Amino acid sequence: MGGKIAMRYAADYPEDLAGVVIEDMDCTCREYESSYLHPSEAEIDRKRKFDRAFSTWEECRSALVSFGYEEARVDGMRTEANPRIIERGDGLWSAIN
(Lines give C-alpha, C1' and ligand atoms only; values in the text may rest on other atoms or scores of the structure.)
Protein backbone atom coordinates (compact mmCIF):
# COMPACT_ATOMS: atom_id res chain seq x y z
CA MET A 1 0.00 0.00 0.00
CA GLY A 2 1.30 3.47 -0.82
CA GLY A 3 2.08 5.82 2.05
CA LYS A 4 -0.45 8.44 1.06
CA ILE A 5 -3.15 5.80 0.59
CA ALA A 6 -2.31 4.33 4.01
CA MET A 7 -2.54 7.74 5.66
CA ARG A 8 -5.84 8.52 3.92
CA TYR A 9 -7.23 5.15 5.02
CA ALA A 10 -6.06 5.77 8.59
CA ALA A 11 -7.74 9.17 8.60
CA ASP A 12 -11.00 7.81 7.18
CA TYR A 13 -11.17 4.57 9.20
CA PRO A 14 -9.25 5.04 12.48
CA GLU A 15 -11.35 2.34 14.14
CA ASP A 16 -9.76 -0.27 11.84
CA LEU A 17 -6.20 0.45 13.00
CA ALA A 18 -4.10 0.19 16.11
CA GLY A 19 -1.32 2.21 14.47
CA VAL A 20 0.27 3.18 11.17
CA VAL A 21 3.96 3.09 10.27
CA ILE A 22 4.95 5.04 7.16
CA GLU A 23 8.50 4.43 5.95
CA ASP A 24 10.47 6.08 3.18
CA MET A 25 7.67 8.22 1.79
CA ASP A 26 8.50 11.08 -0.54
CA CYS A 27 6.57 14.11 0.73
CA THR A 28 8.13 16.63 -1.61
CA CYS A 29 5.79 19.20 -3.13
CA ARG A 30 6.00 19.12 -6.90
CA GLU A 31 4.87 21.30 -9.74
CA TYR A 32 3.12 19.40 -12.51
CA GLU A 33 2.37 20.44 -16.06
CA SER A 34 -1.26 21.08 -16.84
CA SER A 35 -1.26 18.19 -19.34
CA TYR A 36 -0.36 15.82 -16.49
CA LEU A 37 -3.07 17.13 -14.17
CA HIS A 38 -5.67 17.36 -16.94
CA PRO A 39 -4.77 14.68 -19.50
CA SER A 40 -6.48 14.47 -22.87
CA GLU A 41 -8.89 11.65 -23.65
CA ALA A 42 -6.21 10.14 -25.91
CA GLU A 43 -3.70 10.06 -23.02
CA ILE A 44 -6.25 8.53 -20.66
CA ASP A 45 -7.02 5.87 -23.28
CA ARG A 46 -3.28 5.19 -23.79
CA LYS A 47 -2.83 4.64 -20.05
CA ARG A 48 -5.87 2.38 -19.85
CA LYS A 49 -4.50 0.22 -22.66
CA PHE A 50 -1.05 -0.14 -21.08
CA ASP A 51 -0.12 -3.82 -20.99
CA ARG A 52 2.63 -4.99 -18.64
CA ALA A 53 3.64 -7.89 -20.92
CA PHE A 54 6.21 -7.20 -23.64
CA SER A 55 7.76 -9.30 -26.39
CA THR A 56 11.15 -7.56 -26.32
CA TRP A 57 13.31 -5.48 -24.02
CA GLU A 58 13.24 -2.60 -26.52
CA GLU A 59 9.42 -2.58 -26.51
CA CYS A 60 9.31 -2.63 -22.71
CA ARG A 61 11.92 0.09 -22.32
CA SER A 62 10.28 2.33 -24.91
CA ALA A 63 6.86 2.01 -23.26
CA LEU A 64 8.14 2.87 -19.78
CA VAL A 65 10.21 5.80 -21.05
CA SER A 66 7.10 7.11 -22.85
CA PHE A 67 5.40 7.34 -19.45
CA GLY A 68 8.16 9.57 -18.07
CA TYR A 69 10.65 7.14 -16.54
CA GLU A 70 14.29 8.07 -17.21
CA GLU A 71 16.16 5.55 -19.40
CA ALA A 72 18.79 4.80 -16.73
CA ARG A 73 16.06 4.13 -14.17
CA VAL A 74 14.27 1.74 -16.51
CA ASP A 75 17.55 -0.07 -17.20
CA GLY A 76 18.07 -0.49 -13.45
CA MET A 77 14.58 -1.95 -13.01
CA ARG A 78 15.72 -4.98 -14.96
CA THR A 79 18.95 -5.62 -13.05
CA GLU A 80 18.23 -4.58 -9.43
CA ALA A 81 18.21 -7.16 -6.60
CA ASN A 82 14.40 -7.39 -6.74
CA PRO A 83 13.79 -6.62 -10.41
CA ARG A 84 10.63 -4.80 -11.41
CA ILE A 85 11.05 -6.00 -14.99
CA ILE A 86 11.10 -9.77 -15.09
CA GLU A 87 12.17 -12.00 -17.95
CA ARG A 88 9.75 -14.81 -18.75
CA GLY A 89 9.89 -17.55 -21.34
CA ASP A 90 7.67 -15.58 -23.71
CA GLY A 91 9.14 -12.12 -23.15
CA LEU A 92 9.18 -9.67 -20.27
CA TRP A 93 6.75 -8.63 -17.54
CA SER A 94 6.75 -5.20 -15.95
CA ALA A 95 5.80 -4.94 -12.30
CA ILE A 96 5.42 -1.20 -12.97
CA ASN A 97 1.81 -0.28 -13.63
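Keep in mind that the numbers below use all heavy atoms, side chains included, and drop hydrogens, waters and symmetry copies. In what follows, residues are counted from 1 in the order of the sequence shown. Just so you know, these numbers come straight off a predicted model, no measurement behind them.
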Find the distance between [atom1] ([X]) and [atom2] ([Y]) and round it off to the nearest 0.5 Å.
X	Y	atom1	atom2	answer
L37	E31	CG	CD	9.5 Å
W93	D51	CH2	CG	6.5 Å
R78	R61	CZ	CZ	10.0 Å
W57	I85	CH2	CD1	4.0 Å
T79	R84	OG1	CZ	10.0 Å
M77	I96	CE	CD1	4.0 Å

(Q) Is there a path of hydrophobic side-chain contacts, each under 4.5 Å between heavy atoms of I/L/V/M/F/W/Y residues, joining M7 to Y13? (A)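 Yes: a chain of side-chain contacts under 4.5 Å links Y13 to M7.
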Q. Is it true that V65 and F67 fall in one hydrophobic cluster, defined by side-chain heavy atoms closer than 4.5 Å?
A.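 Cluster IDs for V65 and F67 match.
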Q. When you measure from the side chain of E59 to the backbone N and O of S55, does any donor-acceptor pair fall under 3.5 Å?
A. yes
Q.
With side-chain contact (heavy atoms from CB on, under 4.5 Å) as the criterion, how do D90 and F54 come out once you've worked through the C-alpha distance, each side chain's angles and the decisive distance to 0.1 Å?
A. CA-CA 9 Å; D90 58 344; F54 299 95; over 6 Å; no
(Q) I'd like to know whether V20 forms a side-chain contact (heavy atoms from CB on, under 4.5 Å) with Y9, so could you lay out the CA-CA distance, the side-chain angles of the two residues, the decisive distance to 0.1 Å, and finally the verdict. (A) CA-CA 10 Å; V20 177; Y9 186 90; over 6 Å; no
Q: Could you tell me how the ring of Y36 sits relative to the ring of Y32: parallel (under 30°), tilted (30 to 60°) or perpendicular (over 60°)?
A: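 Correct class here is parallel.
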Q.
Just so I know, are the side chains of D75 and Y69 near enough to count as touching, which here means a heavy-atom distance under 4.5 Å?
A.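 D75 does not reach Y69 side chain to side chain.
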Q: Check the surroundings of atom CG in D12: do more than 12 heavy atoms from other residues, nucleotides or ligands lie under 6.0 Å from it?
A: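 Yes.
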(Q) So for atom CD, which belongs to E70, do other residues, nucleotides or ligands contribute more than 12 heavy atoms lying within a distance under 6.0 Å? (A)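 No, not enclosed.
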Q | Exercise: do S66 and R46 side chains pair donor with acceptor under 3.5 Å | A | yes
